[in-house]
> 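The following block contains the structure, expressed as structure tokens.
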Amino acid sequence: PGGSVPADVTELTVQWTAPTYTVTLHANGGTIADGKDVTGYTYGVGETLPTDVTRTGYTFKGWYDNENLTGSPVTAISNTETGNKEYWAKWEINQYTITFDTAGGSTVASITQDYGTAITAPADPTKEGYTFIGWDREIPANMPAENVTLTAQWEINRYTVTFDTNGGSEIAPITQDYGTAITAPADPTREGYTFIGWDREIPATMPAENVTVTAQWQLAARMPDRELVIYYKSVGRLNTITEDPSLVEYTSSDESVVTVDKDGNYKAVGRGNAVITMHIVGTDIEEHCKITVKYAWWQVLIRIFLLGFIWY
């Protein structure tokens, strides 16, 4: 025993303290959860490296013992290792998707790309009878760290059906929302004419365009015969087409050639030419039939041989 050891001490026991070493974790933009960080380890005990590490838009792929992130990831420090340790987190960028719900409009393809990369907004969708007024939320300039669904917003359009009555009574146009039921107006009227319909059918519901329909008219009375050759003393009736004979009246341009009554009955009273005019009452509408009165061959013979004293 030396001078520093009491005289009555006959045995000494060596006391050992295990060395501790520092651990430095480089999260490379990530965050280690509270209480999970590792700053050191003790020889003979070792340490498990944290896995509760997050980074927006990335997936944690492990700790590496070199800044170049090569080799295999390290999950723990064994109980036989010594020395200070330094590790770097490895991250893999995530991809996310923006989905476009066009709410009945034309299809817009979804966009899938890496987090944080610039997004090129697609062309606006279209929808018959509607105007696109935007998405329910703004399209991100860069890909966010989540999948996103955007829904199209639409405003219904209004269109007009215009009625060209083609000289008839006026009909107000109809302006209303696309797809709504259309109540057809009463038929127009036109003096001297009968309405026979529109040039195209009035839609049952408002189409996705402005429409003009044009009235179609037929004369209230028509005289198809434009020229007749008849014989002296003959009688007949003009081939007038009308549903109401009271709508028309007749006149002869030369009653010494042909006469005509109110019903269109004519009589040839002399040789020559005349014009019978059919006039639709209350209008300026007229139709004309040229009448040529001739002698039949046998009438010519009678005139020659009897010198016109009989009948003529």
Side-chain angles (χ1 to χ4, degrees), residues 23-39 47-77 85-161 175-181 203 205-211:
V23 176
T24 303
L25 298 178
H26 301 282
N28 285 342
T31 301
I32 301 171
D34 290 344
K36 301 294 185 178
D37 195 8
V38 173
T39 59
E47 187 64 76
T48 299
L49 298 182
T51 57
D52 194 358
V53 187
T54 57
R55 181 182 176 187
T56 300
Y58 290 81
T59 297
F60 178 65
K61 304 302 288 184
W63 297 103
Y64 287 77
D65 59 6
N66 64 91
E67 196 170 358
N68 293 326
L69 307 175
T70 58
S72 300
V74 178
T75 59
I77 302 169
K85 302 292 184 179
E86 192 171 6
Y87 299 100
W88 288 263
K90 182 176 182 179
W91 298 98
E92 182 177 80
I93 194 167
N94 296 336
Q95 285 200 328
Y96 299 96
T97 298
I98 296 180
T99 301
F100 299 93
D101 177 0
T102 60
S106 57
T107 300
V108 175
S110 59
I111 298 173
T112 299
Q113 59 191 51
D114 290 348
Y115 163 73
T117 54
I119 294 173
T120 300
D124 293 342
T126 58
K127 183 178 180 181
E128 187 176 51
Y130 292 80
T131 296
F132 177 71
I133 58 174
W135 300 99
D136 63 337
R137 56 183 288 187
E138 189 175 0
I139 298 175
N142 299 296
M143 184 60 72
E146 61 178 347
N147 295 321
V148 174
T149 296
L150 303 177
T151 302
Q153 306 294 291
W154 300 99
E155 182 176 81
I156 196 167
N157 296 338
R158 290 171 68 83
Y159 299 97
T160 298
V161 177
T175 299
Q176 58 192 50
D177 289 348
Y178 164 73
T180 54
T205 58
M206 184 60 71
E209 61 178 347
N210 295 320
V211 173

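The chain is numbered in sequence order, starting from 1. All values below come from the heavy atoms of this structure, side chains included, with hydrogens, waters and symmetry mates left out.
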> Rounded to the nearest 0.5 Å, what's the gap from CH2 on Trp63 to CD1 on Ile77? Could you check?
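Spacing of CH2 (Trp63) from CD1 (Ile77) equals 11.0 Å.
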> Got a second to check how far His26's NE2 is from Trp88's CH2, nearest 0.5 Å?
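Taking NE2 in His26 and CH2 in Trp88, the distance rounds to 5.0 Å.
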> Would you mind telling me which of Trp154, Phe100, Tyr130 makes a side chain to side chain contact (heavy atoms under 4.5 Å, CB included) with Pro125?
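The side chain to side chain contact (heavy atoms under 4.5 Å, CB included) with Pro125 is passed solely by Trp154 among Trp154, Phe100, Tyr130.
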> Has Glu67 got more than 12 heavy atoms of other residues, nucleotides or ligands less than 6.0 Å from its CD?
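Count not over threshold, so no.
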> To the nearest 0.5 angstrom, please state how far the CE atom of Met206 sits from the CD1 atom of Ile156.
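CD1 of Ile156 is found 10.5 Å from CE of Met206.
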> Give the minimum heavy-atom separation between Ala89 and Phe60, together with the two atoms involved.
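It is CB-CE1, 3.8 Å.
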> Give the minimum heavy-atom separation between Lys127 and Gly104, together with the two atoms involved.
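Taking every non-hydrogen atom into account, CG-O, 3.9 Å.
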> What is the minimum heavy-atom distance between Ala208 and Glu128, and which atoms define it?
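Closest pair (atom of Ala208, atom of Glu128, distance): CB-CG, 3.5 Å.
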> Hey, could you give me the OH/CG distance between Tyr87 and Leu69, rounded to the nearest 0.5 Å?
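It comes to 14.0 Å.
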> Hey, is the main chain of Thr126 close enough, under 3.5 Å, to the side chain of Ser106 for a donor-acceptor pair?
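Answer holds: yes.
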> Scan the side chains in residues 132-146 for donor-acceptor partners under 3.5 Å anywhere in the protein, sequence neighbours excluded, and list what turns up.
| unit_1 | atom_1 | unit_2 | atom_2 | d |
| --- | --- | --- | --- | --- |
| Asp136 | OD1 | Thr151 | N | 2.9 |

> For Asn66, is the CG atom crowded, meaning more than 12 foreign heavy atoms sit under 6.0 Å from it?
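Yes, enclosed.
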> Pro122 and Ile111: which non-hydrogen atoms are nearest, and at how many Å?
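Result for this residue pair: CD-CD1, 4.4 Å.
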> Val38 and Glu47: which non-hydrogen atoms are nearest, and at how many Å?
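Between these two residues, the closest heavy atoms are CG1-CG, 3.5 Å.
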> So which pairs with a foot in residues 114-123 pass side-chain hydrogen bond (donor to acceptor under 3.5 Å, both in side chains), sequence neighbours left out?
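Sorted pair list: Gln95-Asp114, Gln113-Thr117.
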> Who passes salt bridge (Lys or Arg N to Asp or Glu O under 4.0 Å) against Lys85, sequence neighbours left out?
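Testing Lys85 for salt bridge (Lys or Arg N to Asp or Glu O under 4.0 Å), a comparison that skips the adjacent residues, returns Glu81.
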> My understanding is that only one of Asp52, Val53, Leu49, Thr54 makes a side chain to side chain contact (heavy atoms under 4.5 Å, CB included) with Ile32; could you say which?
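With Ile32 as partner, side chain to side chain contact (heavy atoms under 4.5 Å, CB included) holds for just one option, Val53.
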> Passes side-chain contact (heavy atoms from CB on, under 4.5 Å), Thr56 versus Tyr58? Steps please.
CA-CA 6 Å; Thr56 300; Tyr58 290 81; over 6 Å; no
